[in-house]
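First the structure, in the form of structure tokens, and then the observations on it.
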Amino acid sequence: MAKYDHTQIETKWQAAWLTQQSAVVTEQADRDKKYYCLVMFPYPSGRIHMGHVRNYTIGDVIARYQRLRGRSVLHPMGWDAFGMPAENAAIEQGVHPASWTMHNISYMKQQLQRLGLSYDWKREITTCRPDYYQWTQWFFLKMYERDLAYRKRSAVNWCPKCQTVLANEQVIDGACWRCDTAIIQKELEQWFLRITAYAEELLAGCDRLTGWPERVLTMQRNWIGKSEGAEVTFPLQGRDDTITIFTTRPDTLWGATFMSLAPEHPLVERLTTGSPQAAEVRAFVERTSRLEKAARTAEEFEKEGVFTGAYAINPLTNRPIPIWVANFVLMEYGTGAVMAVPAHDQRDFEFAKKYRLPITVVVQNPDRTLTAETMTEAYVDEAGWMADSGAQTGLSQPDGKRAIIDHLVAHNLGARSVHYRLRDWGISRQRYWGTPIPMLYCDRCGVVPVPVEQLPVVLPRDVPFTGKGGSPLRESQTFLETNCPRCGGTARRETDTMDTFIDSSWYFLRYTSPRETDRPFRPEAADYWMPVDQYIGGIEHAVLHLLYSRFFTKVVRDLGLTTADEPFTNLLTQGMVIKDGAKMSKSKGNVVDPNQIIERYGADTARLFSLFAAPPEKDLEWDDHAVEGASRFLNRVWRLICDGADRVRAARRLPPFDPQHSSPRAQALLRALHQTIHKVTTDLDQDFQFNTAIAALMEFYNLLSQWETEGHAAATSTDGEAGEAAAHAAALNTLVLLLAPFAPHLAEELWRQLGHPASVFGERWPEAEPRWLKDELITIVLQINGKLRSQLQVPPELDEAEIQSRAMADPKLQPWIEGKTIRKRIYVPGRLLNLVV
RNA sequence: GCGAGAGUGGCGGAACGGCAGACGCGCCAGCCUUAGGAGCUGGUUCCCGCAAGGGAAUGGGGGUUCAAGUCCCUCCUCUCGCACCA
């Protein structure tokens, strides 16, 4: 028998599949059969790593399985090709980002092909090519037209020594990663996308994404962070000015006894100018601005503040309340001003205790009457009745909330209001290797969009990469200087490029018709393929990429280009590949090179291991030995099939045989076979439990090889022979078919050896026949007081009374029931009998 | 800190609230072989016991239930995200 030569087999079939274009798809008349399987495209960092192997194998198993189910499967691949590493390579190695990126792409593409991934390479897209990014620019212009793109001042990390902007990743403990200089915050005019305009729809949509993991939806909901409440306007005492606050607890407004402002709040300066407190407040603001925001809001963090000397008027009590500046109030949330209700907010309570500010109870605990003097913590539950609240006194808390808002609205003191935690998306990057923002600045006309006909705004090649200075594009005179399309005068181009998250926010639409030259995609193609039926990618994208893609899809829909509301119907978030307890990384020296695994064991083994070692959503611990286990299994299957191939081919010449009349041995094999089909199918359909699907195949292999050994020992039985030959042939054929999505090369090769002239991937997935799924005997577990004491093997149709009487006669049970009264019997049909004595 | 998850043998992991540890790795014993990074057979949670058998055990503690890895409360540890890494 020939040895399992994985290299020869894999090379042969990869070439054949490529020639046959077996993964190339087009739109069919019958849209019901479409299936769009998408795995997050990679950043071309250099070479693929084990995380990619795992990722793309999962996608490939799903794609191949769906094809076997008769679906027309779109399974494309491309490159998220803009990004910082290319620019860093340019700075450090002097290689142009474009050549660095394109070189990586060609290497990684070849690596992916060696894994036997069934991509429709005719649809390959690369986001750094002008034929792609011109449409990224086009979307930006459409958003600008619709007021979804706008400019505002916003802070960036700035290294004063390198004179450059740093990404958060490039800031290590508050210092520049290149020169270790302490960074500062610098305000720049930057472009933003108005994702908040879709906050409500993005939130509501979460309820309909039933194919997404609940935890991802929870993170998205929390990220959007809707809170309902009211805006309330407080007049300032002795000034013709007001402060507006947002609160989710308008029911506690009667208890607002002071006010807290964020140190950054613009009123702070105005309120204190010329007052005796000015110096103290300024020092406090200065001190707080150096602290990290995360730390400032921490629960254990020491709450500190200073009095501004000014007072506001509580619009319900009409009493003056002092205005403080507090370190735990952030300008980003709400309005940057908070009404402080110490009786019913823990932070306010601690603050009030520390600075001896008044506390008024306005929501009474129905279980235990609260008094301001004896409280040791705030009463924050929203389940009480209103106290000391003027006209609202005595109302239930929800009624009180409604009544107070009505009062505010009626007296023009405030309004019902909704706030979101979600902020608009800052997309300006002061970097070269990204999509240029297609805008111009004209001295006469101001901010002018580049006309659509002039797209793409192409990245110039002649740019020096120094890692210093601002946007590198500023250095290119040919790029910078242009004419204003409105007045014809001189204008300069925007030199910032876009956040690369934009490139990946619409690529799934481009795949549906990737060679369109006069529009981003063909709407009919998008309507045919979209939404993506199964999206696969890392859990680390739970919020940003997945939220941005949803946002883009809704914008594209509102532009009338697609009818899809949501981009991804089902989402599978898979875990990382780790080794020795840590994420594989060059710096830790724990990387495993996929090339070496493929050379030594073959792509099928690499695929099988990465599917078998852990369920897809969990982290996968790399284990060299376990890889050998996967390899061993494939070798065993190889030998078993090669061994039996002659008999399988011969069995095809036998007359048709009714398995119902075959020997018990043959029937036992068929029963195991159909149970395996059932297990593998449900594992693939329901939860992508590839690990247990493969375990089922291993179990079936074990049983089958045992079956054959016993067959040899019993020589050949007379009347069972034809039935056993048929059962054996069915077992081998089906085993290869079930293995095909996981180990496609091996399965294809073995399929031919079993005498089939055409590809295994032209077959239909087998169906488990219900009549073979029932066992001849089932096990009933016998428990005494919930503890396992014995078991019964019984035919499945046996009734409860018979099982009871057999149980009572069971000798193993006697010591436990002798001389005891049976107080209760719990019978779970087909499973167990529990006697409580 | 905020938000979201996870914790089961020596290891990766299985287990509709109903037999804890499927399957695989590793290890042990045996067979085969001139040899083995090959193949085959059997064993392998821990403790007591020659055995039959019994007891304990799913991060710690508590609870619900005839029955808890699974549900509830609480604590601990680890992982991911936090808006300029992609």
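Below, read A as the first sequence line, B as the second, and so on, with proteins coming before strands; counting in each chain starts at 1.
Looking at heavy-atom distances under 4.0 Å, A/A542 makes no contact with the nucleic acid at all. At the heavy-atom level, A/L697 lies nowhere under 4.0 Å from the strands shown. Across all strands shown, A/D80 has heavy atoms under 4.0 Å from sugar-phosphate atoms exclusively, and none from any base. In this structure, A/P85 reaches neither bases nor backbone, as no heavy-atom distance under 4.0 Å exists between it and the strands shown. The residue A/H545 sits apart from the nucleic acid: no heavy atom pair falls under 4.0 Å. Residue A/Q170 is classed as having no contact, given no heavy-atom separation below 4.0 Å to the nucleic acid. Among the atoms of the strands shown, none is found under 4.0 Å from any heavy atom of A/S504. Heavy atoms of A/F633 sit nowhere under 4.0 angstrom from any nucleic acid atom. Within 4.0 Å of A/D619, counting heavy atoms only, lie sugar-phosphate atoms of the nucleic acid but no base atom. Among the protein residues, A/V156 comes within range of the nucleic acid bases, having at least one heavy atom under 4.0 Å from a base atom. Among the atoms of the strands shown, base atoms are found under 4.0 Å from some heavy atom of A/R429. Backbone-only engagement by A/G426 is indicated by non-hydrogen atom pairs under 4.0 Å involving sugar-phosphate atoms exclusively. Using a 4.0 Å heavy-atom cutoff across all strands shown, A/V781 reaches at least one base atom of the nucleic acid. Counting non-hydrogen atoms under 4.0 angstrom, A/Y43 reaches the backbone sugars and phosphates but no base.
Atom NZ of A/K152 sits in a crowded spot, with more than 12 heavy atoms from other residues, nucleotides or ligands closer than 6.0 Å.
Of all nucleotides listed (B/U79, B/G12, B/A83), B/A83 comes nearest to the side chain of A/W223. With distances taken from any side-chain atom of A/E540 to the nucleotides B/C82, B/C80, B/G12, the minimum falls on B/C80. Picking from B/A4, B/A86, B/C66 the nucleotide with the shortest atom distance to the side chain of A/N834 gives B/C66. With B/A14, B/C66, B/C84 as the candidates, the nucleotide lying closest to the side chain of A/Q689 is B/A14. In this structure, of B/C85, B/C19, B/A83, it is B/A83 that holds the atom nearest to the side chain of A/R423. The side chain of A/T692 lies closest to B/A22, out of B/A4, B/G24, B/A22.
Below the 3.5 angstrom threshold, one finds no donor paired with an acceptor across the side chain of A/R823 and the base of B/C66. Interface remark: the A/N168 side chain does not form any donor-acceptor pair with the B/C84 base, using a distance-only criterion of under 3.5 Å. At a cut-off of 3.5 angstrom, counting only N and O atoms as typed in the model, there is no donor on one side facing an acceptor on the other between the side-chain of A/E628 and the base of B/C25. Counting atom types as modelled, A/E699 pairs no side-chain N or O with a base atom of B/C23 as donor and acceptor under 3.5 Å. Side chain A/Q190 to base B/C84: a donor-acceptor pair is found below 3.5 Å.
Using atom P as the reference point in both B/G63 and B/G12, the two lie 31 Å apart (nearest Å). Taking the P atom of each, B/A57 and B/A51 are spaced 23 Å apart, rounded to whole Å. Between the P atoms of B/C82 and B/C47, the separation comes to 46 Å (whole Å). Spacing of P atoms, B/A83 relative to B/G13, comes out at 30 Å, to the nearest Å. Rounded to whole Å, the C1' atom of B/G9 lies 15 Å from the corresponding atom of B/G43. Rounded to a whole angstrom, the distance from the P atom of B/A68 to that of B/G59 is 15 Å. Rounded to a whole angstrom, the distance from the C1' atom of B/U58 to that of B/A22 is 16 Å. With P as the reference atom, B/G10 and B/C16 are 23 Å apart, rounded to whole Å.
Between the side chains of A/D424 and A/Y150, at least one donor N or O lies within less than 3.5 Å of an accepting N or O. Judged by distance alone, the side chains of A/S154 and A/E187 never bring a donor and an acceptor atom under 3.5 Å apart. A/D503 and A/T435 share a side-chain donor-acceptor pair at under 3.5 Å. A donor-acceptor contact under 3.5 angstrom links the side chains of A/W191 and A/E494, judged on distance only. Side-chain atoms of A/W506 and A/T136 form a donor-acceptor pair, as typed in the model, at a separation below 3.5 Å.
What separates CG of A/L422 from P of B/C2 is a distance of 21 Å, to the nearest Å. Between the CD1 atom of A/I784 and the P atom of B/C19 there is a distance of 16 Å, given to the nearest Å. A/M84 has its CE atom 11 Å from the P atom of B/C84, to the nearest Å.
For the OP1/OP2 pair of B/A4 and a distance below 4.0 Å, the side-chain nitrogens and oxygens of A/N222 include at least one atom meeting the criterion. Taking 4.0 angstrom as the limit, A/N691 places a side-chain polar atom (N or O) nearer than this to OP1 or OP2 of B/A14.
Anti is the conformation of B/G7, whose glycosidic angle sits further than 90° from 0.
Here A/L835 contributes atom CG and A/R789 contributes atom CZ; the two are 12.0 Å apart, rounded to the nearest 0.5 Å. Going from atom CG of A/D499 over to atom OG of A/S504 covers 8.0 Å, rounded to the nearest 0.5 Å.
B/C27: Watson-Crick or G-U partner is B/G43, with both key distances under 3.5 Å.
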Can you tabulate the close N/O pairs, meaning under 3.5 Å, that link protein atoms to atoms of nucleotides 50-55 of chain B?
residue, atom, partner, partner atom, Å
B/G55, OP1, A/R789, NH2, 3.4
B/G55, OP2, A/R789, NH1, 3.1

List, with names and distances, any nitrogen or oxygen atoms from the protein found under 3.5 Å away from nitrogen or oxygen atoms belonging to nucleotides 40-43 of chain B.
residue, atom, partner, partner atom, Å
B/C40, OP1, A/R636, NE, 3.4

Close N/O contacts between protein and nucleotides 27-34 of chain B (under 3.5 Å):
none

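Taking the nucleotide of RNA chain B with the nearest heavy atom to each of A/V828 and A/V836, the more 5' of the two is matched to A/V828. RNA chain B is contacted by both A/R215 and A/G629; A/R215 maps to the nucleotide lying nearer its 5′ end (nearest heavy atom per residue).
For the side chain to side chain contact (heavy atoms under 4.5 Å, CB included) with A/D604, the qualifying choice from A/I598, A/L739, A/L634 is A/L634, the only one to do so.
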